[in-house]
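Data block below; observations after.
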Amino acid sequence: MAIATRSQTGKTPRKSGIPDGFVETPGRQRRSRKSMPGTDRSSSPSEDDAHTTGSDPLVKGQVGEAKQAQRDVAKTANGHANGHANGHANGARQGPRIIDGWLEGSDPKIDHNPHFDFGGSFGTTGMMIGFPLLMWYMWIGATYYDGKFPSEPDMSWSEYGQHMFHLAYTGAFPHLKAWTIYWTFLIAQGVLYLYMPGVYSTGKPLPHEGGKQLPYYCSGVSSFYFTILVAGLLHFTGLFKLYTLIDEFGPLMSVAICSGFLVSIAAYASALYRGAQHRMTGHHIYDFFMGAELNPRMFGWLDFKMFFEVRLPWFILFLITLSAAARQYEVYGYVTGEVGFLLMAHFLYANACCKGEEMICITWDMYYEKWGFMLIFWNLAGVPLSYCHCTVYLANHDPAIYRWSKPVLVFLYASYLLTYWVWDTSNSQKNMFRATERGYAQDRKTFPQLPWKSIPNAAHIKTESGDSLLVDGWYKYARKIHYTCDLYFAFCWGLITGFRSPFPWFYPVFFSVMIVHRAYRDIQRCREKYGDAWVEYEKRVPYLFIPYVI
């Protein structure tokens with residue numbers, strides 16, 4: 001597909017209409033109560049009770065009506081099946097289906113098959129309160145306690161709390177300079193998203209929109225390298241020294257935390273006001289955490305989920321590490337092998353997200369996850385400003401404290417690059433297979449080009465839903481082999497700093513828990529969606545993370 005720029009095409013055309021398959025962000029709509037069609041999937045009374053006790057009366061009523069319709073259709077289907085030959089009854093699907101929480105023919109605003117992840121409303125409330133506090137706590141330990149847990153044994157709990165608040169308030173207050181730096185970067189990245197050279201791609205068919213597919217504009221590669229170029233020019237001209245990011249880390253972190261909450265509130269309120277909510281459970285706290293709108297967009301092309309996930313967290317993380325390298329060079333006249341390792345690692349990760357951006361359009365996050373606190377806060381604050389504690393530790397300490405021997409560094413560099421090859425090519429194999437199957441694969445020559453990035457005529461298992469399960473390439477050895485590589489990356493980010501501080505190890509520990517939970521969510525959903533095909537898939541590829549081990 002030809003390279004294009006948004007500046008060449010101009011603003012989203014109005015006279016010629018929207019592109020084929022594009023679903024415009026809906027305007028404000030009035031809600032109306034409807035009686036929902038039934039489905040062949042019946043639920044127990046206890047499940048009905050659990051799923052209809054939401055705080056939104058309208059959603060609660062609609063879900064209750066839908067559940068009653070499901071029971072009615074289930075009874076009808078059972079009676080119909082009993083009156084026919086077994087062969088006919090066993091081979092026929094009765095009534096509408098539930099596809100990723102949407103009951104065919106019903107209002108897509110309602111989640112007809114809710115799964116309350118993360119402990120439901122109680123668990124998500126704890127996460128929304130706990131994660132910001134944890135970020136400030138780790139920053140205090142990294143800044144004032146030599147990377148150790150903040151400890152004041154002579155203080156009472158009340159005095160300790162006041163002391164911690166004072167440290168955060170005085171050292172990490174979100175001042176105007178930090179707000180200006182952070183939001184200038186965000187707005188600039190939005191402009192680059194729209195106007196830098198890129199390619200077009202297409203998302204997965206949306207069942208609730210009649211199979212329509214959203215177009216995506218992917219300019220991550222050119223935006224990333226242009227960002228590095230501008231950062232270098234600003235640094236060497238003295239207009240904005242790169243090490244300002246590490247010097248102002250505390251205030252920038254506070255701005256990011258505040259921004260995560262403000263954007264989440266605005267996104268949720270906007271979706272409800274415009275009637276753009278999707279797959280809601282009726283539990284406002286849980287829905288706020290998971291999100292209300294599925295495909296929020298600005299100017300028709302700036303897809304917020306794509307923009308937040310691909311660019312913001314990984315660009316910020318890389319720039320913070322680049323900032324630490326600039327500060328180290330300013331102080332010592334050289335950059336250590338440990339900081340160089342993190343700079344390599346964070347560059348490769350950010351670059352990989354951009355070079356395969358057109359493939360992200362068909363992933364779980366784009367297709368299924370909604371734009372809520374979970375995605376917004378984690379991309380604006382959690383990922384870039386908690387995963388970077390490996391960088392913060394190296395920036396705050398003399399190289400003699402953490403220096404590894406040359407043989408260890410050589411091993412870490414070599415093993416990381418080998419793991420990166422597996423990770424990059426496994427993701428490429430999976431995404432190229434999906435894109436080829438749908439007829440819109442692109443063979444981009446983005447850096448780096450690695451061998452075995454695609455599998456011609458890949459072995460796969462067809463499913464009733466029309467999707468296929470890849471059982472070839474790296475994925476004939478383990479179903480989540482790319483997660484295993486991610487885990488090794490996280491481990492190395494902690495290991496490069498040594499064992500003197502616990503905070504660089506937050507990311508490896510947290511990521512391990514998160515990735516196992518995500519794998520469980522994926523398995524749960526796929527078993528329900530693919531049925532017998534998934535059973536066959538688990539037989540063909542019995543190992544989840546490590547071939548012949550687990």
Side-chain angles (χ1 to χ4, degrees), residues 1 199 201-204 218 221 310 348-349 351-368 414-492 515-516 518-523 525-527 529-530 532-550:
M1 185 173 293
V199 299
S201 188
T202 309
K204 288 184 67 175
C218 307
V221 172
V310 174
L348 286 174
Y349 208 102
N351 183 73
C353 289
C354 295
K355 84 180 189 111
E357 185 180 20
E358 74 279 3
M359 299 297 184
I360 294 176
C361 307
I362 56 176
T363 61
W364 166 275
D365 283 355
M366 296 299 111
Y367 166 75
Y368 183 82
S415 63
Y416 195 95
L417 289 172
L418 177 62
T419 305
Y420 175 83
W421 171 62
V422 177
W423 178 78
D424 188 291
T425 53
S426 63
N427 278 299
S428 177
Q429 288 172 7
K430 173 183 61 178
N431 292 325
M432 287 291 287
F433 170 76
R434 289 173 176 170
T436 300
E437 189 177 41
R438 290 171 173 81
Y440 51 83
Q442 302 181 52
D443 187 12
R444 299 179 67 190
K445 302 302 181 183
T446 47
F447 173 82
Q449 290 292 297
L450 300 172
W452 213 32
K453 69 176 186 178
S454 63
I455 306 296
N457 302 315
H460 59 277
I461 299 173
K462 293 293 293 183
T463 71
E464 290 185 2
S465 68
D467 296 324
S468 296
L469 302 172
L470 179 64
V471 289
D472 209 339
W474 291 112
Y475 290 97
K476 67 183 176 184
Y477 300 110
R479 303 194 301 274
K480 298 292 183 183
I481 197 166
H482 55 298
Y483 284 3
T484 306
C485 297
D486 264 318
L487 287 170
Y488 186 73
F489 293 161
F491 174 76
C492 287
I515 212 70
V516 170
R518 187 182 181 97
Y520 169 76
R521 288 179 69 201
D522 184 57
I523 292 170
R525 172 179 170 270
C526 289
R527 280 177 178 169
K529 182 175 182 178
Y530 299 131
D532 292 340
W534 186 261
V535 174
E536 175 63 20
Y537 178 56
E538 291 184 326
K539 289 180 180 178
R540 295 268 298 270
V541 188
Y543 301 102
L544 184 60
F545 293 118
I546 303 175
Y548 310 108
V549 178
I550 184 174

Q. Can you name the residues that form a ring-ring contact (aromatic ring centres under 6.0 Å, His included) with Trp474, not counting sequence neighbours?
A. Trp421, Trp452

Q) Do you know which two heavy atoms are closest between His460 and Ala458, and how far apart they sit? A) ND1-O, 2.9 Å

Q | Pairwise distance OG(Ser468) to OH(Tyr537) - rounded to 0.5 angstrom | A | 11.5 Å

Q: Could you tell me whether Asp486 and Lys480 have a side-chain N and a carboxylate O separated by less than 4.0 Å?
A: no

Q: Could you tell me the separation between the CG atom of Asp472 and the CG atom of Asn457, rounded to the nearest 0.5 Å?
A: 9.5 Å

Q | Asn427 backbone acceptor or donor facing Asn431 side chain under 3.5 Å | A | yes

Q.
Once rounded to the nearest 0.5 Å, what's the spacing between atom NZ of Lys529 and atom OG1 of Thr463?
A. 7.5 Å

Q.
For a 4.5 angstrom cut-off between non-hydrogen side-chain atoms, does Pro448 reach Lys355?
A. yes

Q.
Taking the side chain as everything from C-beta on, heavy atoms only, tell me whether Ile523 gets closer than 4.5 Å to Leu544.
A. yes

(Q) So, using ring-ring contact (aromatic ring centres under 6.0 Å, His included) as the criterion, who are the partners of Tyr368 when residues are at least two apart? (A) Trp364

Q) How many angstroms lie between CD in Gln429 and OH in Tyr475, if you round to the nearest 0.5 Å? A) 7.5 Å

Q.
Show the nearest heavy-atom pair for residues Ile362 and Arg434, with the distance to one decimal.
A. CD1-CB, 3.3 Å

(Q) Closer than 4.0 angstrom, basic N to acidic O: yes or no for Arg444 and Glu357? (A) no

Q) When you measure from the side chain of Ser428 to the backbone N and O of Asp424, does any donor-acceptor pair fall under 3.5 Å? A) no

Q. Atom CG in Asp467, atom NZ in Lys462: separation rounded to 0.5 Å?
A. 8.0 Å

Q.
Tyr543 vs Tyr548, test: ring pair (Phe, Tyr, Trp, His ring centres under 6.0 Å). Steps then yes/no.
A. CA-CA 7 Å; Tyr543 301 102; Tyr548 310 108; 5.5 Å; yes

**Q.** Check: Thr419 side chain, Cys485 main-chain N or O, donor-acceptor pair, under 3.5 Å
**A.** no

Q: Name the orientation class of the two ring planes belonging to Phe489 and Tyr349 (parallel below 30°, tilted from 30 to 60°, perpendicular beyond 60°).
A: perpendicular

Q: Check the surroundings of atom OH in Tyr477: do more than 12 heavy atoms from other residues, nucleotides or ligands lie under 6.0 Å from it?
A: no

Q: Taking all non-hydrogen atoms of both residues into account, name the closest pair between Glu358 and Cys361 and its distance.
A: O-SG, 3.5 Å

Q | Spacing of CD1 belonging to Ile360 relative to SG belonging to Cys218, to within rounding of 0.5 Å | A | 8.0 Å

Q. What is the ring orientation for Tyr420 with Trp423, classed by angle as parallel under 30°, tilted 30 to 60°, or perpendicular over 60°?
A. tilted

Q) Which salt bridge (Lys or Arg N to Asp or Glu O under 4.0 Å) pairs, counting each pair once, include a residue from residues 448-458, with sequence neighbours left out? A) Asp443-Lys453

Q.
Any non-hydrogen side-chain atom of Glu538 less than 4.5 Å from a side-chain atom of Arg527?
A. yes

